[in-house]
Amino acid sequence: MKGVAPLWEKDSEFISLYKRLNGSVLLDKSRAYTLYQLAKRQSDVEGDYLELGAYRCGTTLLMASQDNLAKKTIFILDSFEGLPTVSNHDPYWVEGDIGTVNLDEILQFLSANLTKNINYKIIKGFFPNQIDLDALNRTFSFIHIDTDLYQPTLDGLNFFYTKLSPGGVILVDDFGNMSCPGVEKAVKEFSEVCGVKYIFLYTGQALFIK
């Protein structure tokens with residue numbers, strides 16, 4: 001037995017894109033490649049894309065890595081002010097961790113790296129209290145949740161799962177990250193209460209399929 005092959009190292013398109021991210025994403029290659037592949041798969045499924053917790057928007061480039069997104073919009077939800085108040089389910093984090101990100105730099109990064117046929121909308125604020133939720137009453141085919149914390153992960157799952165189109169997916173980051181026990185708790189709690197099964201990926205992510 002030789003183990004699992006790192007197929008992402010053989011995908012030249014992905015490797016080139018990952019290098020362009022240049023510190024704008026906190027995902028290692030295996031998690032980034034999972035996100036990248038799902039984004040390609042979901043491009044033919046009805047509905048927009050959304051990421052809850054975007055950091056420096058490197059994940060936006062991974063989600064926008066295919067050519068047939070002209071009819072979709074990528075919604076980018078983030079406070080860009082670090083983490084909000086944490087719960088007792090998040091013992092390794094404190095409010096403000098991750099740090100403030102300059103929004104002008106984010107806009108410049110997206111403008112320089114996204115093609116003109118990619119539609120995106122940045123919604124700044126802590127989810128859900130500082131967000132216009134009415135603007136998100138639409139159908140989604142792909143949602144990436146990367147909040148590191150219990151409550152925003154649970155809030156995101158509760159709000160967005162019902163908005164997935166048939167075949168839509170939610171990818172939750174840090175489910176297997178020992179520094180993010182709140183994320184694991186939120187995924188399992190949502191799954192149990194709502195009767196929705198998830199798939200634990202060896203990358204440490206959790207996947208919900210509608």
Side-chain angles (χ1 to χ4, degrees), residues 7-8 11-80 98 101 103 105-124 127 131 135-136 138-148 152-153 156-157 159-161 163-165 167-175 183 199 201 203-210:
L7 297 180
W8 48 87
D11 189 327
S12 58
E13 180 183 341
F14 167 75
I15 292 299
S16 176
L17 176 60
Y18 191 80
K19 289 179 179 178
R20 283 169 51 201
L21 300 182
N22 192 29
S24 63
V25 64
L26 297 178
L27 305 183
D28 58 29
K29 285 182 182 178
S30 62
R31 286 185 293 157
Y33 195 56
T34 301
L35 176 63
Y36 169 81
Q37 288 190 99
L38 276 173
K40 283 183 172 294
R41 177 189 184 276
Q42 296 304 110
S43 62
D44 293 327
V45 179
E46 180 185 359
D48 293 317
Y49 283 11
L50 180 141
E51 51 184 339
L52 175 57
Y55 185 50
R56 295 182 177 274
C57 290
T59 44
T60 306
L61 266 64
L62 293 170
M63 295 171 71
S65 59
Q66 52 285 328
D67 297 327
N68 56 336
L69 292 183
K71 296 182 180 180
K72 295 182 182 291
T73 298
I74 301 177
F75 288 84
I76 305 165
L77 278 62
D78 202 298
S79 70
F80 301 105
I98 306 297
V101 178
L103 190 55
E105 292 180 3
I106 294 296
L107 293 172
Q108 292 174 11
F109 173 78
L110 292 175
S111 177
N113 287 282
L114 291 181
T115 60
K116 292 182 179 180
N117 67 332
I118 300 296
N119 303 308
Y120 64 90
K121 182 176 181 180
I122 293 178
I123 302 179
K124 185 178 183 301
F127 181 86
I131 300 295
L136 300 173
R138 55 203 306 130
T139 300
F140 295 96
S141 59
F142 181 36
I143 294 173
H144 181 227
I145 297 179
D146 185 7
T147 71
D148 301 312
T153 298
L157 289 169
F159 183 81
F160 288 114
Y161 185 81
K163 301 185 185 308
L164 287 178
S165 61
V169 303
I170 296 179
L171 180 68
V172 183
D173 195 52
D174 291 319
F175 176 72
V183 173
I199 302 169
L201 307 180
T203 53
Q205 298 154 301
L207 179 65
F208 290 91
I209 304 175
K210 186 70 172 286

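Computed from a predicted model, the values in this text were never measured in an experiment.
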For the student: nearest non-hydrogen atoms of [X] and [Y], plus distance:
X	Y	value
Cys57	Ile106	SG-CG2, 3.5 Å
Ser65	Leu17	CB-CD2, 3.8 Å
Phe109	Arg20	CE1-O, 4.4 Å
Val45	Ser165	CG1-OG, 3.5 Å
Tyr120	Ser111	OH-N, 4.3 Å
Gly58	Leu21	O-CD2, 3.5 Å

Please round to the nearest 0.5 Å and tell me the distance separating atom [atom1] of [X] and atom [atom2] of [Y].
X	Y	atom1	atom2	result
Asp146	Leu77	CG	CG	13.0 Å
Phe140	Leu164	CZ	CG	9.0 Å
Ile74	Met63	CD1	CE	5.5 Å
Leu61	Asn113	CG	CG	5.0 Å
Leu110	Thr60	CG	OG1	5.5 Å
Thr139	Lys163	OG1	NZ	8.5 Å

Side-chain heavy atoms of [X] within contact of [Y], under 4.5 Å:
X	Y	result
Asp148	Ile98	yes
Phe142	Ile170	no
His144	Thr59	yes
Phe208	Ile143	no

Is there a donor-acceptor contact under 3.5 Å from the side chain of [X] to the main chain of [Y]?
X	Y	value
Thr34	Ser30	yes
Ser16	Glu13	no
Lys124	Ser79	yes
Gln42	Gly167	yes
Arg56	Glu105	no
Tyr49	Ala39	yes
Arg31	Gly204	no

Would you check, one step at a time, whether the test side-chain contact (heavy atoms from CB on, under 4.5 Å) holds for Leu201 with Leu171?
CA-CA 10 Å; Leu201 307 180; Leu171 180 68; 4.0 Å; yes

So Ile123 and Ile76, side-chain contact (heavy atoms from CB on, under 4.5 Å) or not? Walk me through it.
CA-CA 6 Å; Ile123 302 179; Ile76 305 165; over 6 Å; no

With Asp48 as reference, evaluate Lys121, Arg138, Lys72 under the salt bridge (Lys or Arg N to Asp or Glu O under 4.0 Å) test and give the passing residue.
Arg138

Look at the aromatic rings of Tyr36 and Tyr33 and report parallel, tilted or perpendicular, splitting at 30° and 60°.
parallel

Do you see a donor-acceptor pair shorter than 3.5 Å between the side chains of [X] and [Y]?
X	Y	value
Ser141	Glu46	no
Thr147	Thr153	yes
Tyr55	Asp78	no

What about the rings of Phe127 and Phe160, do their centers lie closer together than 6.0 Å?
yes

Sort out for me which residue in Ile122, Leu52, Leu50, Asn119 forms a side chain to side chain contact (heavy atoms under 4.5 Å, CB included) with Phe75.
Leu50

Between Val172 and Val183, does a side-chain contact (heavy atoms from CB on, under 4.5 Å) hold up when you go through it step by step?
CA-CA 8 Å; Val172 183; Val183 173; 3.8 Å; yes

